[in-house]
Amino acid sequence: MTTHAPQVAQSVTLPTSLDEAVAALSAMPAAVPVAGGTDLMSSVNKGQLRPAGLVGLGKINEIRGWQYQDGHALLGAGLTHARMGRPDFAALIPALAAAARAAGPPTIRNAGTLGGNIATAAPTGDSLPVLAALEAELIVAGPGGARREVPVSHLLAGMERLRGGELIGYVRIPLLHAPQVYLKATGRTGPGRALASVALVLDPARRGVRCAVGAVAPMPLRPLEAERWISSLIDWDADRALAPEALHAFGDYVAAACIPDQAPDGSPQELPPAVQQLRRTVAVLARRALGRALA
């Protein structure tokens, strides 16, 4: 316990465009960008972060909506969870809308943003497995009006990083026009942090199932072999029917891929009871998600 109040940022800048925000960050590298502030202020209040300055993104209207672009949805990084949870957005990207509605109580959903969820990259972030399953890409804004594209999965895995002065401007998501499901298990009733989550989308054009598991690792996990196996069993030209045995096996396949019971040297190992329960939870979520998508 301490009687010291968290240090307040020395300066606050409120740009009205993405390029102005990038310029402000370039001019003051120690500043921290802030949109909803749901994670940032928690860290400040706990004394874990003492920013030298803040660049507020709340007045940048260009990143607060979305538009259509060549069969994709271009989502502004400033979209709030509350906005993404509305019916019109749910008709566009159902799994992301479901994740947004599950992101927490109204105070969190009204403030928290899509870009903030990605930049914070908390393992329990609800939107992250959905973005991984949809194979979303980021449009990153840099100094001098520069723009570059980065797969979301690369940023979350640490294969790519934001460079000095860069900001996440937009998220580009393919419009699949097919069933999508997001499910999560929490430690209590109502919205809360996920113990495990599963996002599953059907991609009829590519005759594929894409699945991502969240909260069980530092980043969303894609069970690629399980995806390929179950995709090969679905009759894409008819009613996409699947035998109950295959549905059950898919859940087990996903769980085993994400929470293996083998040591690094390949030898079997006994999982602790809590991990075994988590593995069963992932299996149930994956099974239910696929069942709902094919229903």
* Asked: Would Leu75 and Tyr170 satisfy side chain to side chain contact (heavy atoms under 4.5 Å, CB included), going step by step from the backbone distance to the final call?
  -> CA-CA 5 Å; Leu75 313 180; Tyr170 301 91; over 6 Å; no

* Is there a side chain to side chain contact (heavy atoms under 4.5 Å, CB included) between Val34 and Val55 once you walk through the steps? -> CA-CA 6 Å; Val34 57; Val55 176; over 6 Å; no

* Given the rule in the side chain to side chain contact (heavy atoms under 4.5 Å, CB included) test, do Leu79 and Ile63 qualify, once you have shown the distances and angles that lead to the verdict? -> CA-CA 7 Å; Leu79 273 172; Ile63 61 171; over 6 Å; no

* Check step by step if side chain to side chain contact (heavy atoms under 4.5 Å, CB included) holds for Val198 and Val254. => CA-CA 10 Å; Val198 168; Val254 170; 5.5 Å; no

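Looking at Leu233 and Ile230, their side chains come closer than 4.5 Å, going by heavy atoms from C-beta outward. Residues Leu156 and Ser153 form no side-chain contact, since every pair of their non-hydrogen atoms from C-beta on lies 4.5 Å or further apart. At least one side-chain heavy atom of Val282 sits under 4.5 Å from a side-chain heavy atom of Ile259. Contact annotation: the side chain of Phe250 never approaches that of Leu242 to less than 4.5 Å [non-hydrogen atoms, C-beta and beyond]. Residues Pro129 and Val213 are not in side-chain contact: their nearest non-hydrogen atoms beyond the backbone lie 4.5 Å or more apart. A heavy-atom distance below 4.5 Å is not found between the side chains of Lys184 and Leu285. At least one side-chain heavy atom of Met28 sits under 4.5 Å from a side-chain heavy atom of Ser11. Looking at Leu54 and Thr13, their side chains never come closer than 4.5 Å, going by heavy atoms from C-beta outward.
Put simply, CG on Leu92 and CD1 on Ile173 are 8.5 Å apart, with the number rounded to the nearest 0.5 Å. Of the inter-residue distances, the one linking Leu183 atom CG with Ser197 atom OG reads 9.5 Å to the nearest 0.5 angstrom. With rounding to the nearest 0.5 Å, the separation of CG in Asn61 from CG in Leu18 is 12.0 Å. To the nearest 0.5 angstrom, Thr120 atom OG1 is 9.0 Å from Leu128 atom CG. Atom OG1 of Thr113 and atom CG of Leu57 lie 8.0 Å apart (nearest 0.5 Å). To the nearest 0.5 Å, atoms CD1 (Ile60) and CG (Leu14) are separated by 9.5 Å.
In this structure a side-chain-to-backbone donor-acceptor pair under 3.5 Å is missing from Arg64 to Gly78. His72 contributes a side-chain N or O that, together with a main-chain N or O of Asp70, makes up a donor-acceptor pair within less than 3.5 Å. A donor-acceptor contact shorter than 3.5 Å is absent between the side chain of Gln262 and the backbone of Ser267. In terms of modelled atom types and a separation under 3.5 Å, the side chain of Glu166 and the main chain of Arg163 share a donor-acceptor contact. Panel note: side chain Arg101, backbone Gly85; a donor-acceptor pair is recorded below 3.5 Å. No side-chain donor-acceptor contact under 3.5 Å links Glu20 to the backbone of Pro15. Distance alone, capped at 3.5 Å, places no donor-acceptor pair between the Arg172 side chain and the Glu137 backbone.
Note: the hydrophobic cluster containing Val150 also contains Val152 (ILVMFWY, side chain heavy atoms under 4.5 Å, direct or indirect links). The cluster map of Ile, Leu, Val, Met, Phe, Trp and Tyr, joined by side-chain heavy atoms under 4.5 Å apart, puts Leu155 and Val22 in different clusters. If you chain together hydrophobic residues whose side chains sit under 4.5 Å apart, Leu138 and Leu134 fall into the same group. Hydrophobic clustering (ILVMFWY, side-chain heavy atoms < 4.5 Å, transitive): Val284 and Val209 are in distinct clusters. Taken together through direct or relayed side-chain contacts under 4.5 Å among Ile, Leu, Val, Met, Phe, Trp and Tyr, Val171 and Leu176 form part of one hydrophobic cluster.
By the 4.0 Å N-to-carboxylate-O rule, Asp252 lies too far from Arg280 to be salt-bridged with it. Contact check on Glu135 versus Arg206 returns a salt bridge, with a Lys/Arg side-chain nitrogen under 4.0 Å from an Asp/Glu carboxylate oxygen. Comment: Glu160 engages Arg148 in a salt bridge, judged by a side-chain N to carboxylate O separation of less than 4.0 angstrom. Between Arg83 and Asp88 there is a salt bridge, with a side-chain nitrogen of the basic residue lying less than 4.0 Å from a carboxylate oxygen of the acidic one. Between Glu227 and Arg222, at least one side-chain nitrogen of the basic residue sits less than 4.0 Å from a carboxylate oxygen of the acidic one, meeting the salt-bridge criterion.
A side-chain contact (heavy atoms from CB on, under 4.5 Å) with Arg210 is found for one member of Asp203, Leu200, Leu202 and no other, namely Asp203.
What you find for Pro143 and Gly165 is that their closest heavy atoms are CD-O, 4.3 Å. Taking all atoms of both residues into account, the shortest heavy-atom contact from Asn110 to Ala82 is OD1-CB, 3.3 Å. Annotation for Val201 and Ala133: closest pair CG2-O, 3.7 Å, computed over non-hydrogen atoms. Nearest heavy-atom pair across Ala103 and Asp126 is CA-OD2, 3.3 Å. Nearest heavy atoms, Gly115 versus Ile168: O-CD1, 4.1 Å. Closest heavy-atom contact between Gly291 and Leu247: N-CD1, 3.7 Å.
More than 12 heavy atoms of other residues, nucleotides or ligands sit less than 6.0 Å from atom CD of Glu62.
In this structure Trp229 satisfies the ring pair (Phe, Tyr, Trp, His ring centres under 6.0 Å) test together with Tyr253, sequence neighbours excluded.
Ring pair Trp66/Phe89: centre-to-centre distance below 6.0 Å.
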